[in-house]
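Here is the structure we will look at.
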Amino acid sequence: MPVRTYIEAIRETLREEMRRDASVIVLGEDVGKKGGVFLATDGLYDEFGEGRVIDTPLTESLIIGASIGVSVNGLRPVPEIQFADFIFPAFNQIVSEAARMRYRSNGTFSCPMTIRAPFGGGVHGALYHSQSVEAFFTHVPGLKVVVPSTPYDARGLLRSSIRDDDPVLFFEHKKLYRSVRGEVPDSDYSVPLGRANITRPGTQVTIVAYGLMAHYALEAAELVEADGISAEVIDVRTLRPLDTETLLDSVKKTGKAVIVYEDNRFGGYGAEIAALLAEEAFDYLDGPVTRVAGPEVPGVPYSHGLEDWFMVDPDRIAEAVRRLAAY
Amino acid sequence: MPVRTYIEAIRETLREEMRRDASVIVLGEDVGKKGGVFLATDGLYDEFGEGRVIDTPLTESLIIGASIGVSVNGLRPVPEIQFADFIFPAFNQIVSEAARMRYRSNGTFSCPMTIRAPFGGGVHGALYHSQSVEAFFTHVPGLKVVVPSTPYDARGLLRSSIRDDDPVLFFEHKKLYRSVRGEVPDSDYSVPLGRANITRPGTQVTIVAYGLMAHYALEAAELVEADGISAEVIDVRTLRPLDTETLLDSVKKTGKAVIVYEDNRFGGYGAEIAALLAEEAFDYLDGPVTRVAGPEVPGVPYSHGLEDWFMVDPDRIAEAVRRLAAY
Amino acid sequence: MATTAADARAAVGDAPAGDLAAKVGLTDQQLLDMYALIALTRAVDERMWILNRAGKVPFVISGQGHEGAQVGLAFELRKGHDWMVPFYRSVASVLTFGMTAREIMLAQFARSIDPSSGGRQMPGHYGAARHNILSTSSPVATQVLHAVGIALAAKIRGIDQVVMTSLGEGASNQGDFHEGLNFAGIHRLPVVTVVENNGYAISVPARLQTAVEDVADRAGGYAMPGVVVDGADVLACYRAGREAIRRARAGEGPTLIEAKVTRLTGHSSDDQQTKYRSAEELASGKDRDPLPRFRSQLRDAGVLDDEHESTIAAEIKAAVDDATDWAEAQPEPDPATAERHVYAGDPPDPSAGQPGAG
Amino acid sequence: MATTAADARAAVGDAPAGDLAAKVGLTDQQLLDMYALIALTRAVDERMWILNRAGKVPFVISGQGHEGAQVGLAFELRKGHDWMVPFYRSVASVLTFGMTAREIMLAQFARSIDPSSGGRQMPGHYGAARHNILSTSSPVATQVLHAVGIALAAKIRGIDQVVMTSLGEGASNQGDFHEGLNFAGIHRLPVVTVVENNGYAISVPARLQTAVEDVADRAGGYAMPGVVVDGADVLACYRAGREAIRRARAGEGPTLIEAKVTRLTGHSSDDQQTKYRSAEELASGKDRDPLPRFRSQLRDAGVLDDEHESTIAAEIKAAVDDATDWAEAQPEPDPATAERHVYAGDPPDPSAGQPGAG
Ligand SMILES: Cc1ncc(C[n+]2csc(CCOP(=O)(O)OP(=O)(O)O)c2C)c(N)n1
Ligand SMILES: Cc1ncc(C[n+]2csc(CCOP(=O)(O)OP(=O)(O)O)c2C)c(N)n1
Ligand SMILES: [Mg+2]
Ligand SMILES: [Mg+2]
């Protein structure tokens with residue numbers, strides 16, 4: 001099977017979907033000739049032309065607002081927000097408009113679109129090029145939120161997202177773009193939205209993570225194996241709608257859960273998972289649902305030392321797993 | 001002691017703070033001659049003139065962005081967002097700018113401002129005049145988030161907020177404006193930010209709530225008293241920073257917690273409280289941390305029947321308390 | 001009763017046009033249709049307030065004073081082909097573009113088969129998939145971007161659709177307006193943006209809303225024509241709309257039209273406008289009411305006579321009575337359906353093509 | 001070395017002005033100061049790239065090509081009184097307004113006493129409380145509203161402060177630009193908004209960014225003068241800046257200035273501009289470099305001679321070397337401080353008035 005990087009998987013899937021379906025268009029800042037600042041759309045402009053690969057002005061609200069109109073009038077836009085940090089000017093269009101179009105029109109209008117945005121820290125991007133923004137959107141009914149962590153899932157989930165009839169936020173972790181490779185079949189497979197993935201089976205502690213942290217969780221599971229602890233790792237993959245069944249089944253089995261997210265802890269996405277497990281798996285819990293998350297500062301600082309201080313890493317996860325296993 | 005409505009308490013506090021401190025200004029849509037669509041700023045224009053009570057254009061990003069500049073240059077703005085539902089155009093200015101000014105400048109700039117916004121449902125305001133938006137802001141380090149539920153707290157917390165040196169989001173529940181009255185001393189008391197309030201002591205179940213739900217929680221506690229259940233009710237009041245101590249102490253005592261919020265459940269503010277209790281009070285819990293919250297739809301629908309379907313009410317809370325008490 | 005331009009044209013064929021009609025390139029019948037639309041809208045709107053005072057409709061937001069501009073500007077659109085992206089005052093716009101008095105009333109009563117939202121949104125948030133009228137939300141100016149996107153899709157798909165969108169002069173200061181018009185200008189999109197300038201955003205007068213007297217002055221900054229038109233002059237609006245629609249359809253790009261109108265009512269049923277508008281000002285606003293003005297114009301031109309007038313009035317009364325009674329008699333939305341349509345996959349909405357509402 | 005206008009004026013007093021200087025109302029020494037500022041900025045900027053290639057500074061975003069406009073436009077501001085609300089290319093603006101080469105270099109190296117952010121932000125996000133230079137963020141155009149707010153506070157407080165803010169032509173399409181200029185226009189606020197139009201927003205050419213050729217054309221829509229100025233012509237920029245600052249200070253309201261500049265480097269150290277700009281275009285950009293142009297102008301006018309030039313060059317080299325070595329030698333931020341300054345109440349930042357950085 002061909003081996004691809006995470007970003008190659010995304011780029012090729014965009015190309016294939018555009019070939020397959022003439023209604024798919026790409027728009028955003030620098031997505032044309034430059035091919036996107038991370039080259040996720042590289043080559044699309046040459047192949048599909050400026051009619052379907054549109055370099056927009058530097059205006060995020062327009063990118064999403066126009067995508068809403070485009071989707072209402074028969075096309076399937078795949079807007080790119082250059083960095084997830086810059087999605088906020090479009091917040092109103094996403095939350096007030098795209099998310100509610102179907103509900104408020106009683107099912108008569110809809111916005112099939114896939115908003116792609118690179119997110120996450122550990123790339124020396126400082127406060128405004130490192131953010132995790134998923135918690136702002138996972139709370140919103142009407143939206144779907146996807147965070148793939150492998151090239152295989154990136155492709156399979158991007159396919160499902162583009163073909164989905166609802167607005168999807170598709171967050172790609174910047175640090176994974178070139179650092180992760182994996183087998184990606186050439187077939188037209190897709191990974192359904194709403195299904196978590198058990199990436200490592202185990203019996204004593206469940207580690208729940210997504211994005212970069214899904215990798216760190218696996219590394220942490222290796223680390224604690226040396227201590228004789230068997231950890232099960234779940235990559236959430238789709239944050240909304242959440243695959244509660246897979247999570248609950250795992251925690252009912254292990255009795256213990258560590259939830260990992262890169263974002264600051266308070267009110268982050270992991271809070272919902274913790275709340276869910278605490279409520280619905282209470283009888284099975286043999287220890288507190290434990291969160292490992294970022295510190296309560298407004299962003300990832302730039303200086304190397306400060307950034308390292310911010311980022312959750314495999315050691316911190318392993319430490320929490322050990323503590324919980326010993327509970 | 002004089003009895004005032006919730007909105008009177010707010011209006012008078014604004015007036016007094018403006019009299020006390022010439023650096024306090026008010027700005028927003030219709031805050032001038034009209035006195036605000038809920039009359040929260042009624043009379044201020046006549047007393048302080050258009051220099052300190054500024055009718056802005058219909059542009060929320062400007063209202064907050066300009067308030068940032070105003071606060072940086074020596075004044076204390078109290079911007080009003082006409083309905084919390086319309087705060088999203090200003091999301092970038094609040095989350096990317098106001099919240100981070102102090103941190104990103106390493107403590108050399110700050111934004112003392114109090115953003116007032118009416119929120120909440122049950123007022124027949126439909127999708128765009130009923131929203132609870134707190135969860136989008138409680139997650140953000142650098143912001144403080146306050147939700148008073150009584151006239152006394154409205155006054156005491158508004159004072160503290162205006163005098164605070166950080167950006168505060170001050171959410172006022174619309175349904176409380178005229179329906180709730182209470183004793184409000186004329187003295188210059190204030191209620192400190194960051195302190196929850198035990199509004200009813202009890203022993204068997206802790207009910208945690210805020211805003212309109214803080215009242216419904218009390219009503220629910222009355223309802224279950226008839227069944228011989230003793231419920232302690234905590235009004236969170238300041239959602240960020242959260243008074244974890246009061247919450248933990250209560251739950252360590254009762255062993256059971258019901259968390260109530262009006263917003264849709266998934267990823268709502270109550271998820272953080274549930275996660276916190278599940279993690280830090282695990283050894284004391286005698287039943288699952290239970291959430292009573294709104295349904296997973298993108299907004300409160302207009303039609304009476306649909307709105308009633310949406311809204312959490314005392315009966316639903318009481319039901320959850322009974323279930324948990326019997327656990 | 002013919003309530004729409006296309007119907008009217010089909011019916012009238014090549015009837016001999018009077019002087020006035022000829023001058024604007026219409027038939028007498030079309031002028032009468034326009035008049036009927038304006039009068040119908042006014043009657044529907046007045047009924048809303050009556051229902052509000054009677055406690056039957058908790059909230060009203062109305063277009064009184066804006067109807068002449070709305071009918072004139074939208075008259076040349078192609079129903080079922082073009083798009084309308086309205087705002088909450090667009091009662092006349094959506095009636096001109098195919099909605100019926102019954103459909104408007106379903107929204108007032110928030111009935112289950114209301115095509116706008118099935119009773120989920122407040123009255124005034126019109127929309128109708130079968131008419132290409134986009135669902136309206138409350139946050140102002142967001143729709144400008146939707147209109148631009150619809151126009152972009154039309155261009156990409158090679159369909160000669162024209163999109164008309166409307167908003168108030170207060171809303172035009174929002175960032176979305178700037179971003180939308182800029183994009184429309186760059187790509188010469190077939191979108192007509194109508195600013196209905198009634199001088200107030202709730203209580204805030206235009207001088208505190210907008211740095212310039214005429215919002216249309218901003219059009220040059222977006223490389224499009226900016227047209228100021230007297231919104232009380234229905235035929236001037238018709239001409240401005242027709243030319244903008246023609247340009248858009250011909251691929252000549254977008255137009256910004258500012259119609260100077262007057263708001264004859266409070267902002268909504270929640271507003272007391274006497275608090276911020278003087279009695280004289282309110283009185284002078286009445287002089288700018290498009291309905292009596294258009295009536296006189298048509299009477300002076302011999303297009304409208306007593307007989308027409310009483311026929312139209314009777315038809316309108318019947319239509320409004322029918323719409324009110326019929327809509328009120330429809331069932332309220334069932335809470336069992338409240339969770340539907342958050343995501344795709346729910347059974348189709350009963351109102352989607354409801355023939356009874358037609 | 002005198003790096004700033006006010007210092008220079010104080011030092012030179014009423015020295016006899018040459019023809020060129022007299023024509024623009026400056027002294028020869030002031031012209032030399034301007035030249036020195038431009039040359040210093042260029043030297044600092046080139047050093048950044050060297051440090052980047054040497055692996056010492058992971059990210060560079062620079063103002064090469066913009067320096068002439070920035071120095072000219074800001075030269076008339078009152079340091080320590082007025083406000084500067086910059087963007088990431090504003091190296092020359094902040095140097096003109098009081099920051100030092102050492103302070104710039106502290107930001108490049110992300111050192112703990114960096115006055116901009118204590119090493120928390122990427123290089124290019126300048127700010128300095130003691131100079132009234134507002135902290136810069138990354139999201140573009142947000143600062144326009146901050147500038148407007150600062151100006152509003154100045155007006156309310158009755159202080160004759162002038163606020164200058166800058167952004168790119170790409171950023172000027174953001175909604176915040178529209179909302180900010182509209183408000184400034186309504187209240188005639190003392191704010192000068194400078195759009196530094198370098199023809200690109202990263203890779204997107206101006207024709208796909210902005211519907212019009214000149215962003216300044218939009219000024220009329222905000223009831224303020226819109227001035228287009230050749231950013232390679234330092235003295236034209238000076239005149240435009242002076243007039244706008246004078247107007248603002250006199251209570252005559254805001255001005256929008258568009259300086260046509262050229263971006264001599266890639267967008268940042270992460271960008272490969274050859275992918276989207278042709279070799280010819282890149283070559284022709286060089287002709288619009290303000291530095292050699294201003295140098296020739298001053299030499300032709302007899303203001304700058306070999307001796308001046310070599311003195312200035314030596315001073316600049318020394319200053320840049322000093323700044324680099326000194327800044328590099330400062331300690332990195334201590335992770336133990338990483339949690340500070342989320343809210344009020346933490347101990348004052350060591351860099352707040354750091355004399356060593358002066
Ligand atoms: C983003 C947003 N902010 C505030 C409101 C509340 N609001 C509704 S209508 C209105 C005034 C609109 O004025 P204008 O655009 O001139 O239209 P008009 O009502 O005068 O026709 C306001 C402030 C809103 N709907 N959306
Ligand atoms: C809101 C936002 N979106 C996207 C970006 C990423 N970005 C940084 S600079 C830039 C281009 C800016 O172009 P322009 O405004 O013309 O300024 P220039 O860099 O050319 O000086 C972009 C897209 C950003 N910083 N902020
Ligand atoms: Mg208006
Ligand atoms: Mg540029």
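What you are looking at is a predicted structure, and each value in this text was computed from that prediction instead of being measured. Each chain gets a letter, A, B and so on, in the order its sequence line appears, and its residues count up from 1.
Heavy atoms of B:F137 lying under 4.5 Å from chain A are absent altogether. Neither the backbone nor the side chain of A:R102 comes within contact range of chain B, judged by heavy atoms closer than 4.5 Å. Only the side chain of A:Q131 has a heavy atom closer than 4.5 Å to any heavy atom of chain B. With a 4.5 Å cut-off on non-hydrogen atoms, A:A135 touches chain B through its side chain but not through its backbone. Using a 4.5 Å cut-off between heavy atoms, B:L285 touches chain A through backbone and side chain atoms alike. Only the backbone of B:L239 comes within less than 4.5 Å of a heavy atom in chain A; its side chain stays farther off.
Of all heavy-atom pairs spanning A:Y103 and B:P301, the tightest one is OH-CG, 3.5 Å. In terms of heavy atoms, A:P288 sits closest to B:A278 at CB-O, 3.7 Å. The shortest heavy-atom contact between B:A275 and A:A271 is CB-O, 3.7 Å.
Judged purely by atom type and a 3.5 angstrom limit, B:R100 has no side-chain atom pairing as donor or acceptor with the backbone of A:G299. Without hydrogens or angle criteria, A:N264 side chain to B:P141 main chain gives no donor-acceptor distance under 3.5 Å.
Counting heavy-atom pairs closer than 4.5 Å to chain B, the top residue among A:T290, A:V297, A:D283 is A:V297. Ranked by heavy-atom pairs shorter than 4.5 Å toward chain B, the options A:D85, A:L277, A:D263, A:I87 are led by A:D263. Note: B:G267 leads B:G267, B:A274, B:G268, B:A90 in heavy-atom pairs under 4.5 Å with chain A. When each of B:Y302, B:F91, B:Y327 is checked for heavy-atom pairs under 4.5 Å with chain A, B:F91 comes out on top.
For the residue pair B:R104/A:Y128, the side-chain donor-acceptor check at 3.5 Å is satisfied.
Here B:F282 contributes atom CZ and A:D286 contributes atom CG; the two are 7.0 Å apart, rounded to the nearest 0.5 Å. Note that CZ of A:R265 is 8.0 Å distant from CD of B:E272, once rounded to the nearest 0.5 Å. Distance check: A:N92 CG to B:S61 OG gives 10.5 Å after rounding to the nearest 0.5 Å. Separating the CZ atom in B:R240 from the CD atom in A:E296 is a distance of 4.5 Å, to the nearest 0.5 Å.
For the pair B:E279 and A:V289, the minimum side-chain heavy-atom distance is 4.5 Å or more. Looking at B:L242 and A:F266, their side chains come closer than 4.5 Å, going by heavy atoms from C-beta outward.
Residues B:R291 and A:E280 are not paired through a salt bridge, judged by the lack of any N-O separation under 4.0 Å between the basic side chain and the carboxylate.
Between B:F136 and A:F136, the gap from one ring centroid to the other reaches at least 6.0 Å.
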